[in-house]
Amino acid sequence: MLEEIFREQWARVLAYLVSFTGDIDVAEEAAQEAFVIAAERWARDGPPDNPRAWLVVTGRNRAIDRLRRDRTHAEKIRLLDRPDLGGEVTMDETTIPDERLELFFMCCHPALGTEAQVALTLRALGGLSTAEIARAFLASEETMKRRLSRARNKIRAAAIPFAIPREHVLPSRRGAVLAVLYLIFNQGYGDGRADLAAEAIRLGRILLGLMPGEPEAMALLALMLLHDSRRAARVRDGEIVLLHEQDRGLWNTAQISEGRALLDRAVALGARGAYAVQAAIAELQTEARIDWPAIAALYDRLRELTGSAVVELNRAVAIAEIDGPRAALAIVDALDLGTYRYFHSTRAELLRRLNDITRARAAYRKALELATTEAERRFLNRRLSEL
């Protein structure tokens, strides 16, 4: 129960403390201290009636103590020099502003690199530990600690604001937030990290709750839900299972229904971007009879929006279902994606269907060299053994 409360409240408490102190380092240290104190006291006495208010008050007091101790924050000390409120002061939850949206925009500021944006978002909004973030991105804990530290220093040095961007820059900044969440989801979904994919969906729900009328945020959440609905069927006996071989009885129908409803609403509100198109493709893939020409047409639209060679690779898969593997192979062989692992596995599958055994084996072996998960390697090894 305590872990659940902490998970739910971390981002709100941290967002309030960042706003209160103007310093993400001070805010995070104060939040951590508040949660440590809570773990000790609540385990003994039970949680208070208003956990969020208790955590905010305790964290605020710890922040004031830290600023008073730190002479380099002399101006802040004068601003924050007030009587200690005490950990037992009551505080109406309605008086605590929900500033998580400001926290999203600060973590995803364009002055920060993509890796820093992702790491900060998982830490600040997701409440993941440094060790958990490091495991998610196959980095050492020390490397991730340095990355987070550099990102916080950048926020301070560049005076990155804790604020919702002004109207004229909001669309591009909003796009950066959505892109970070999509990166987190793809990292988790592509590498079989269900916890990371689930975290992206949870953050997507939070973001949509903070921007309830934002169609592209709806489309992104729909996309993540529709893909994640097939997660239980993607691996069998430790091996990747292709879409047409998956046990549809394992698909999460509740997620599919929610994803479809969100997509319908997003499109009705004007969503026409890449997330909406990808969600429409994912929705068609959940149909009992897949409309491959419609999927190919949507990939054409997605290619226009993104100019991505990976999109063209995926379009080739649809073309294989319409015009056969030879037509698809002509598309694939024209792409410059030699370091992309799915390029080689897709090409190998097409060559296998054409009974071009020698080239298929070579393509499977190249895909094996680039594979990042055991489930992929098992699938590719089985395919090789069957040739």
Report task. Quick one: do L354 and R359 satisfy side-chain contact (heavy atoms from CB on, under 4.5 Å)? Show the steps, please. Result -> CA-CA 10 Å; L354 289 168; R359 290 203 295 163; 6.0 Å; no
Report task. Could you check R66 against E33 for salt bridge (charged side-chain N to carboxylate O under 4.0 Å, His left out), going step by step and ending with a plain yes or no? Result -> CA-CA 11 Å; R66 157 77 184 269; E33 290 182 9; over 6 Å; no
Requested in this report: Tell me, with the steps shown, if L380 and L384 meet side-chain contact (heavy atoms from CB on, under 4.5 Å).
Outcome: CA-CA 6 Å; L380 294 168; L384 267 171; 5.8 Å; no
Requested in this report: Test L302 against L298 for side-chain contact (heavy atoms from CB on, under 4.5 Å), laying out the working first.
Outcome: CA-CA 6 Å; L302 190 59; L298 285 169; over 6 Å; no
Requested in this report: Output, in order, the C-alpha distance, side-chain angles, deciding distance and verdict of side-chain contact (heavy atoms from CB on, under 4.5 Å) for H109 and Q117.
Outcome: CA-CA 7 Å; H109 194 277; Q117 291 175 343; 5.7 Å; no
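Taken to the nearest 0.5 Å, the OH atom of Y275 stands 9.5 Å off from the CE atom of M224. Between atom CG of residue L112 and atom CZ of residue R150 there is a gap of 12.0 Å, rounded to the nearest 0.5 Å. In this structure, CG on L226 lies 10.5 Å from CG on N252, to the nearest 0.5 angstrom. In this structure, the separation between CG on L14 and OG on S19 is 11.0 Å, given to the nearest 0.5 Å. Rounding to the nearest 0.5 Å places OG1 of T130 at 12.5 Å from CZ of R146. Interatomic distance, I256 CD1 to E287 CD, rounded to the nearest 0.5 Å: 9.5 Å.
A donor atom on one side chain and an acceptor atom on the other are found under 3.5 Å apart for Y182 and Q278. Counting only N and O atoms by type, the side chains of R260 and T286 include a donor and acceptor under 3.5 Å apart. No hydrogens or angles considered: a donor-acceptor pair under 3.5 Å links the side chains of R156 and N153.
Using bins of under 30°, 30° to 60° and over 60° for the plane-to-plane angle, the ring pair F35/F6 lands in the perpendicular bin. A parallel orientation is assigned to the rings of F185 and Y189, their planes being inclined by less than 30° (bins at 30° and 60°).
The side-chain heavy atoms of R352 and E386, taken from C-beta on, include a pair separated by under 4.5 Å. Contact annotation: the side chain of L243 approaches that of I290 to within less than 4.5 Å [non-hydrogen atoms, C-beta and beyond]. H244 places a side-chain heavy atom less than 4.5 Å from the side chain of L242. Counting heavy atoms from C-beta outward, R361 and R365 have side chains that approach closer than 4.5 Å. Residues I240 and V235 are in side-chain contact: their nearest non-hydrogen atoms beyond the backbone lie under 4.5 Å apart. Between L225 and R205 there is a side-chain heavy-atom pair separated by less than 4.5 Å. Residues R152 and L148 have side chains in contact (heavy-atom distance under 4.5 Å, counting atoms from C-beta outward). Contact of the M106 side chain with the I24 side chain is registered, since non-hydrogen atoms from C-beta on lie closer than 4.5 Å.
Around atom CZ of R236, no more than 12 heavy atoms belonging to other residues, nucleotides or ligands sit under 6.0 Å away. Other residues, nucleotides and ligands contribute over 12 non-hydrogen atoms within 6.0 Å of the CD atom of Q246. Within a 6.0 Å radius of CZ in R248, more than 12 heavy atoms belonging to other residues, nucleotides or ligands are found. Within a 6.0 Å radius of CZ in R265, other residues, nucleotides and ligands contribute 12 heavy atoms or fewer. Within a 6.0 Å sphere centred on CG of D45, heavy atoms belonging to other residues, nucleotides or ligands number more than 12.
The side chain to side chain contact (heavy atoms under 4.5 Å, CB included) test with I133 singles out one residue from L120, V118, L122, and that residue is L122. Each of R52, E99, R60 was compared with Y16 under the side chain to side chain donor-acceptor pair (under 3.5 Å) criterion, and only R60 meets it.
No path of Ile, Leu, Val, Met, Phe, Trp and Tyr side chains, each step under 4.5 Å between heavy atoms, connects Y340 with L370, placing them in separate hydrophobic clusters. In this structure, L203 is a member of the same hydrophobic cluster as I164, with clusters built from ILVMFWY side-chain heavy atoms closer than 4.5 Å. The hydrophobic cluster containing V13 also contains L101, counting ILVMFWY residues as joined when their side-chain heavy atoms lie under 4.5 angstrom apart, directly or transitively. Hydrophobic clustering (side-chain heavy atoms under 4.5 Å, transitive across Ile, Leu, Val, Met, Phe, Trp, Tyr) keeps F379 apart from L350. A chain of hydrophobic side-chain contacts below 4.5 Å, direct or via other Ile, Leu, Val, Met, Phe, Trp or Tyr residues, connects L305 to L284.
The side chain to side chain contact (heavy atoms under 4.5 Å, CB included) test applied to C108 returns T121, V177, V180, not counting sequence neighbours.
Between E28 and R123 there is a salt bridge, since at least one side-chain N of the basic residue sits less than 4.0 Å from a carboxylate O of the acidic one. The existence of a salt bridge linking R353 and E349 is excluded, since no basic side-chain nitrogen approaches an acidic carboxylate oxygen closer than 4.0 Å. No salt bridge links K145 with E141; every basic N to acidic carboxylate O contact stays at or beyond 4.0 Å.
In terms of heavy-atom proximity, W54 sits nearest to A38 at CZ3-CB, 3.6 Å. The two residues G126 and E199 make their nearest non-hydrogen contact at CA-OE2, 3.1 Å. The minimum heavy-atom distance between A15 and F162, with the atom names listed, is O-CZ, 3.3 Å. Residues L170 and F105 share a closest heavy-atom pair of CD1-CZ, 3.6 Å. What you find for G59 and L17 is that their closest heavy atoms are C-CD2, 3.7 Å. Contact between A63 and T21 at its shortest, heavy atoms only, is CB-CG2, 3.7 Å.
Within the 3.5 Å criterion, the main-chain N or O of Y342 finds a donor-acceptor partner in the side chain of S345. W10 contributes no side-chain N or O that, together with a main-chain N or O of L125, makes up a donor-acceptor pair within less than 3.5 Å. For the pair D237 (side chain) and E239 (backbone), a donor-acceptor distance under 3.5 Å is absent.
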May I have the list of side-chain donor-acceptor pairs in residues 317-337 shorter than 3.5 Å, sequence neighbours left out?
residue : atom : partner : partner atom : Å
D333    : OD1  : R347    : NE           : 2.7

Which donor-acceptor pairs under 3.5 Å do side chains of residues 207-222 form with protein atoms, sequence neighbours excluded?
residue : atom : partner : partner atom : Å
E214    : OE1  : R174    : NE           : 3.2
E214    : OE1  : R174    : NH1          : 3.4
E214    : OE2  : E216    : N            : 3.0
E216    : OE2  : R272    : N            : 3.3
E216    : OE2  : G273    : N            : 3.2

